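Here the structure is a predicted model, which means the values were calculated and not measured. All residue numbers refer to positions in the sequence shown, counting from 1.
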Amino acid sequence: MTYDLIIKGGNVVFRDGVRHVDIGVKNEKISCIAEQITDDAKEVIDATGQYVMPGMVDTHVHISEPGRTHWEGFETGSKAMAAGGTTSYVEMPLNALPATINKSALDLKLEAAVKQNYVDYGFYGGLVPENLDKLEELANAGVLAFKCFLSDITSDVPEDFTHVDDYTMYKGMQKIAELGGILCIHAENPNVTKRITEEMIKEGRTSAADYVDSRPTFTEVEAVQRAILFAKETGCKLHLVHISTSEAIQVIQNAKADGVDVTVESCPHYFAMNAEMLPEIGPRAKCQPPLRRAKDQEKLWEELLNGNIDWLTSDHSPCTEDLKQGNIFEAWGGISGVQNNVDLMFDLAVKQRGLAVEKFVDLIAYNPAQRFNLPNKGEIAVTKDADIILVDPNQSYVVKREDLYYKNKHSAYEGRQIDCRVTKTIVRGNVVFDLEQGIVGKPIGKLLSATR
């Protein structure tokens, strides 16, 4: 047999451990795993000394095309993902314009995405007060999940995303349960956070520490409790996004024990940075929920290492650099992170804190692929898509803006040393990123649709 690609000599990460084996790829699929493959191949990659693992399946990415393409587009965003070890992603129903709350808006994204993505991609549909009658058409069009905000979203831009009230969440959950879908929720109490913010601004309290205090832990916990109660009542599959506190994780763990079909994600920035660092880094590290204090961050680390967080996502939410200037309350709340997800968390979790590398792979690939019904993704196994990354645990680098592929080259991680490096990213057997060559070839990303 002649393979399209053979990856030789690497430490291949499976769900049950690491083995020194070769991988043969044919027709974009993993077709052979053996101690040694001696057949011919069009291309051979020597992975000696490196981990070979499935690429990241990032289920929380904001690409702002169309409408705000000057923030981030499919081409630049997917290049950054490729360079960071992400091989497939699911794009959120906001910050593009119009928001993805009906099929016509989804069609605009589908058209814009064609022949621009270097990695595979899928889309969310949004749940907002005015589109309860549009959820079925979005599901039929192949969205992988639905997303709503319990936190306050205020925008004077027409066709922008809005948050739900309790009635909309309840009725939306009923419909999504009927459709067999998943509802993903940004959980923060909108009334409390909005009023605290207004009071602080009125009093001139606009420091980084004040921003953290404007969105206290209990506002996340309360919203999580409410979402779980509604999910239990409706039978809707629930996923809580970018959870930042141990207290909220414990509520979710108790709900799981009670039989609620709920999963939870967190993000690298909550582990890599904390509130005490925010004054120095500034608005580039502003996010919602905010970075938490170091003592609370340690509790979140315990939850991750104890297996209580189902997977990791970037919550990549880019913008133009002018929106990250000045008053932190007025700055855009989002972190550009996709290019450093895998190596940053491998360094922090595996190298520094002793997380088993197979558990790391569950966090970045297997668990999200399973939950989002992507049967060909998230695992190195025969018949699966050959979505593979090489990770060198012995390389170090400093994050520099000139190396970033984002449309707007700024990051909260600028100047940070990371002691691990993604050296190659392979999507369905095609090398799309090589550390020495950069981005390789043309965009080959394919659309992912829901398997229900």
Side-chain angles (χ1 to χ4, degrees), residues 7 9-11 13 45-56 58 61 72 76-87 89 118-119 267-274 277 280-282 284-285 287 291 301 312-318 321 324 335-355 357 360-361 363-365 387-427 431-441:
I7 302 171
N11 300 306
V13 185
I45 293 173
D46 181 2
T48 301
Q50 300 191 66
Y51 285 103
V52 179
M53 61 180 73
M56 184 169 182
D58 192 344
V61 175
E72 187 78 280
T76 51
S78 66
K79 281 181 176 179
M81 284 182 251
T86 293
T87 51
Y89 72 101
Y118 284 82
V119 303
C267 307
H269 45 263
Y270 293 119
F271 300 95
M273 299 179 289
N274 55 47
M277 300 176 182
E280 180 180 353
I281 302 172
R284 287 177 300 157
C287 55
L291 302 179
W301 266 114
L312 295 167
T313 68
S314 66
D315 190 12
H316 178 65
S317 186
E321 195 155 16
K324 282 293 192 180
I335 290 174
S336 297
V338 288
Q339 194 166 327
N340 306 106
N341 277 336
V342 174
D343 42 27
L344 177 61
M345 284 305 294
F346 190 98
D347 182 11
L348 294 175
V350 178
K351 293 189 68 176
Q352 296 186 30
R353 293 185 180 247
L355 180 71
V357 67
F360 178 78
V361 161
L363 285 169
I364 68 165
D387 293 347
I388 298 168
I389 59 175
L390 273 60
V391 176
D392 188 340
N394 299 312
Q395 284 203 46
S396 297
Y397 72 102
V398 174
V399 179
K400 299 177 182 177
R401 65 170 50 208
E402 57 263 32
D403 296 328
L404 298 173
Y405 285 95
Y406 310 137
K407 180 157 287 189
N408 296 281
K409 299 180 184 299
H410 60 87
S411 167
Y413 303 128
E414 285 177 54
R416 185 186 188 111
Q417 179 172 311
I418 299 175
D419 294 327
C420 171
R421 189 136 209 194
V422 173
T423 65
K424 207 176 292 285
T425 299
I426 300 162
V427 176
V431 176
V432 295
F433 171 77
D434 176 86
L435 186 56
E436 294 183 358
Q437 300 177 57
I439 298 297
V440 178

Side chains of [X] and [Y]: donor-acceptor distance under 3.5 Å anywhere?
| X | Y | answer |
| --- | --- | --- |
| T423 | Q50 | yes |
| D46 | T48 | yes |
| S396 | D419 | yes |
| Q352 | D347 | yes |

For a quick test of reading the model, state the closest non-hydrogen atom pair linking [X] to [Y] and the distance between them.
| X | Y | answer |
| --- | --- | --- |
| G84 | V422 | O-CG2, 3.8 Å |
| V52 | A47 | CG2-CB, 3.7 Å |
| Y413 | V399 | O-CB, 3.3 Å |
| T313 | P268 | O-CD, 2.9 Å |
| P54 | V361 | CG-CG1, 3.4 Å |
| I388 | T87 | N-CG2, 4.4 Å |

ask   = Should the heavy atoms of other residues, nucleotides or ligands under 6.0 Å from CD of E280 be counted, would the total exceed 12?
value =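 No, because the 6.0 Å sphere around CD of E280 holds 12 heavy atoms or fewer from other groups.
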key: Greater than 12 external heavy atoms within 6.0 Å of E436's CD   = no
For [Y], is there any backbone N or O sitting under 3.5 Å from a side-chain donor or acceptor partner on [X]?
| X | Y | value |
| --- | --- | --- |
| R401 | H410 | no |
| K351 | P393 | yes |
| E72 | S317 | no |
| R416 | A272 | yes |
| T425 | F433 | no |
| D343 | F346 | no |

query = Considering only heavy atoms from C-beta outward, does the side chain of V357 approach that of M53 to under 4.5 Å?
reply = yes
key: Beyond-backbone contact of S314 with V61, side-chain heavy atoms, under 4.5 angstrom   = yes
Derivation of the side chain to side chain contact (heavy atoms under 4.5 Å, CB included) call for M56 and N341 = CA-CA 9 Å; M56 184 169 182; N341 277 336; 3.8 Å; yes
query = Looking at residues at least two apart in the chain, or sitting in another chain, which of them share a side-chain contact (heavy atoms from CB on, under 4.5 Å) with Q339?
reply =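 Once residues adjacent in sequence are excluded, the partners of Q339 under the side-chain contact (heavy atoms from CB on, under 4.5 Å) criterion are A80, A83, L404, Y405, Y406.
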ask   = Got a sec, which residues hit salt bridge (charged side-chain N to carboxylate O under 4.0 Å, His left out) with D387, two or more places apart in sequence or on another chain?
value =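 For D387 the salt bridge (charged side-chain N to carboxylate O under 4.0 Å, His left out) partners, ignoring immediate neighbours, are K377.
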